[in-house]
Amino acid sequence: MGAATANNLDELRDKILKLKKDLNAVIMAHNYQRPEVQDIADFVGDSLELARKATQLDVEVIVFCAVHFMAESAAILNPTRTVLLAESTAGCPMADMIDADDLKEWRKRYPKATVVCYVNTTAAVKAESDICCTSANAVKVVESVPNDEILFIPDQNLGHYVSTKTKKRIISYPGYCITHARLNARQVIMAKQAHPDAKVVVHPECTAEVIELADAVFSTSQMAKYIKESKAKKFLIGTEEGLVHRLKKENPDKTFYVISRALMCPNMKRTTLEGLAQTMELKRNVIVIPEDIRLRAQRALDRMLAIA
Ligand code: 13P
Ligand code: SF4
């Protein structure tokens, strides 16, 4: 990087820090964000941690460097605060695979089922659901509901993973993450052959064939914890490559190989420091949710957060 670029970056960082002070804001970033975005954030975490943290902040503005549903969850939980999404076009294709009308149709098909919705959904879908979950607590949430029949939306891979950990009947909606779906068993097998002493750690959004080959299956922050505590020195990573920045920072003595170069979520990468600064300067991309939807969506999120 040239000196001029470094100076510009420093100026940009200073500008963001000043805006943060002026707005009385906090910057939250998901584990998949670009390194420089993670580094300027006050808090970096997985979906569950970000949602939980959003309920514990004493600020006027929450700026989200992530995808839309994550900022929306913060807005659902914080009706009196302003929530800004750093990059307005950052969505989650999986969250867009189901809308409230689709869910109403599925409810008609399975009228006795409890609807557990992955947090990767819109507020309108959460509003039609009984309880939310994230990849960090999906099994716990399913076990917590007093019903043996679960309609799990929208991630069929996470739904399938949960079904292997519970005796309950899981009916999965056929959504999926287009990024994690790009990882296949052959790539994992080849990576294992190349690095036989490495542990394979994957996200439950991966397909069942990939999960079967893994040593550990975790949410992004659970992966970070597992790797920090592990005695192993090498890890094959089966999730979006942005997590590796955090893993390297926290484990300078360990080596990480992202199993496929296709493990890159273009939506997570849309947020840049420039875009973040502009969003804060203009106070744009405010998340607005109709109050009747917000209240019903909050019920589903609150039920999840009540589970330890
Ligand atoms: P985590 O909650 O594990 O961070 O996952 C969020 C996500 O979108 C994974 O693709
Ligand atoms: Fe959505 Fe997949 Fe990107 Fe996560 S990695 S935000 S599930 S598209």
Side-chain angles (χ1 to χ4, degrees), residues 28-34 37-38 41 43-54 64-74 85-98 116-122 125-126 132-141 152-162 172-183 201-207 210-211 214 216-227 237-247 258-271 301 304-305 307:
M28 314 257 273
H30 185 263
N31 285 319
Y32 294 159
Q33 289 289 293
R34 292 169 185 270
V37 174
Q38 291 191 33
F43 185 78
V44 182
D46 68 7
S47 313
L48 181 61
E49 291 172 331
L50 292 173
R52 227 183 249 295
K53 193 78 188 170
F64 249 83
C65 301
V67 290
H68 189 267
F69 77 82
M70 294 181 182
E72 210 179 37
S73 296
L85 178 59
E87 170 51 57
S88 66
T89 63
C92 168
M94 170 157 55
D96 294 333
M97 287 178 190
I98 186 167
V116 176
C117 87
Y118 193 22
V119 73
N120 299 37
T121 42
T122 61
V125 167
K126 289 184 177 79
C132 266
C133 75
T134 77
S135 58
N137 62 13
V139 177
K140 240 186 200 172
V141 167
F152 192 90
I153 61 158
D155 186 2
Q156 60 181 319
N157 291 317
L158 181 59
H160 179 267
Y161 175 68
V162 171
S172 292
Y173 188 84
Y176 62 96
C177 165
I178 55 173
T179 300
H180 286 87
R182 292 194 198 113
L183 182 61
V201 189
V202 309
H203 197 275
E205 285 176 15
C206 290
T207 59
V210 166
I211 286 178
V217 185
F218 286 131
S219 81
T220 53
S221 287
Q222 288 173 335
M223 281 186 195
K225 184 170 185 284
Y226 166 84
I227 287 166
I237 303 298
T239 196
E240 212 276 347
E241 55 92 37
L243 179 68
V244 171
H245 175 64
R246 172 174 170 184
L247 298 178
V258 180
I259 303 173
S260 162
R261 271 199 266 168
L263 283 167
M264 208 272 293
C265 175
N267 281 283
M268 282 286 183
K269 294 302 185 285
R270 286 199 178 147
T271 305
L301 276 170
M304 170 185 85
L305 292 173
I307 295 169

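It should be emphasised that the depicted structure is a prediction, and the values quoted were computed from it without experimental measurement. In listed order, ligands and their atoms are each counted from 1.
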Arg246 side chain to Thr220 side chain, donor-acceptor N/O pair below 3.5 angstrom:
no

In terms of residue, atom name and distance, what is the protein heavy atom nearest to atom 2 (O) of ligand 1?
Ser47 OG, 2.7 Å

Could you list the atoms of ligand 1 found under 4.0 angstrom from a heavy atom of Ser135?
1 (P), 2 (O), 3 (O)

Which value, rounded to the nearest 0.5 Å, describes the distance between Glu72 atom CD and Thr121 atom OG1?
8.0 Å

For atom 1 (P) of ligand 1, which candidate among Thr220, Leu48, Leu50 holds the nearest heavy atom?
Thr220

Can you tell me which residue and heavy atom of the protein come closest to atom 8 (O) of ligand 1, and the distance to 0.1 Å?
Asn120 ND2, 3.3 Å

Tyr118: partners by ring pair (Phe, Tyr, Trp, His ring centres under 6.0 Å), with sequence neighbours left out:
none

Report the part of Val67 in contact with ligand 1, treating N, CA, C, O as backbone and CB onward as side chain, heavy atoms under 4.0 Å; options are side chain, backbone, both, neither.
neither

If the threshold is 4.0 Å, N to carboxylate O, is there a salt bridge linking Lys269 and Glu87?
no

Kindly compute the distance separating CZ (Phe64) from CG (Leu85), expressed to the nearest 0.5 Å.
9.0 Å

With side-chain contact (heavy atoms from CB on, under 4.5 Å) as the criterion, how do Glu205 and Ser135 come out once you've worked through the C-alpha distance, each side chain's angles and the decisive distance to 0.1 Å?
CA-CA 8 Å; Glu205 285 176 15; Ser135 58; 5.6 Å; no

Asn31: heavy atom below 4.0 Å from ligand 1, yes or no?
no

Do any nitrogen or oxygen atoms of Asp46 lie less than 3.5 angstrom from nitrogen or oxygen atoms of ligand 1?
no

What part of Glu240, side chain from CB on, backbone N/CA/C/O, both or neither, has a heavy atom under 4.0 Å from ligand 1?
neither

Atoms of ligand 1 close to His203 [distance to a heavy atom under 4.0 angstrom, numbered from 1]
1 (P), 3 (O), 5 (O), 9 (C)

For distances below 2.8 Å, what is the count of protein N, O or S atoms around atom 2 (Fe) of ligand 2?
1

Atom 10 (O) of ligand 1 [closest protein heavy-atom partner, distance rounded to 0.1 Å]
Glu205 OE1, 2.8 Å

Less than 4.0 Å is my threshold; does some heavy atom of His30 fall inside it relative to ligand 1?
yes

Can you tell me if His180 contacts ligand 1 (heavy atom of the residue under 4.0 Å from the ligand)?
yes

A student checking ligand 1 against Ser219 at a 4.0 Å heavy-atom cut-off should list atoms 3 (O)

Does ligand 2 have any atom sitting under 4.0 Å from a heavy atom of Tyr32?
yes

How many angstroms lie between SG in Cys117 and CG in Asp155, if you round to the nearest 0.5 Å?
12.0 Å

Do any heavy atoms of Tyr32 fall under 4.0 Å from ligand 1?
yes

Is a side-chain donor-acceptor pair under 3.5 Å present for Glu240 with Thr179?
no

Between Thr239 and Tyr32: side-chain donor-acceptor atoms closer than 3.5 Å
yes

Can you tell me how far apart CZ (Phe218) and NE2 (His203) are? Round to the nearest 0.5 Å.
11.5 Å

Is there a donor-acceptor pair under 3.5 Å between the side chain of Asn267 and the backbone N or O of Ala90?
no

Report the C-alpha distance between Asp46 and Ser219 in whole Å, list the side-chain angles of each, state the deciding distance to 0.1 Å, and finish with yes or no for side chain to side chain donor-acceptor pair (under 3.5 Å).
CA-CA 7 Å; Asp46 68 7; Ser219 81; 2.8 Å; yes

Can you tell me how far NZ of Lys53 sits from CG of Leu48, rounded to the nearest 0.5 angstrom?
13.0 Å

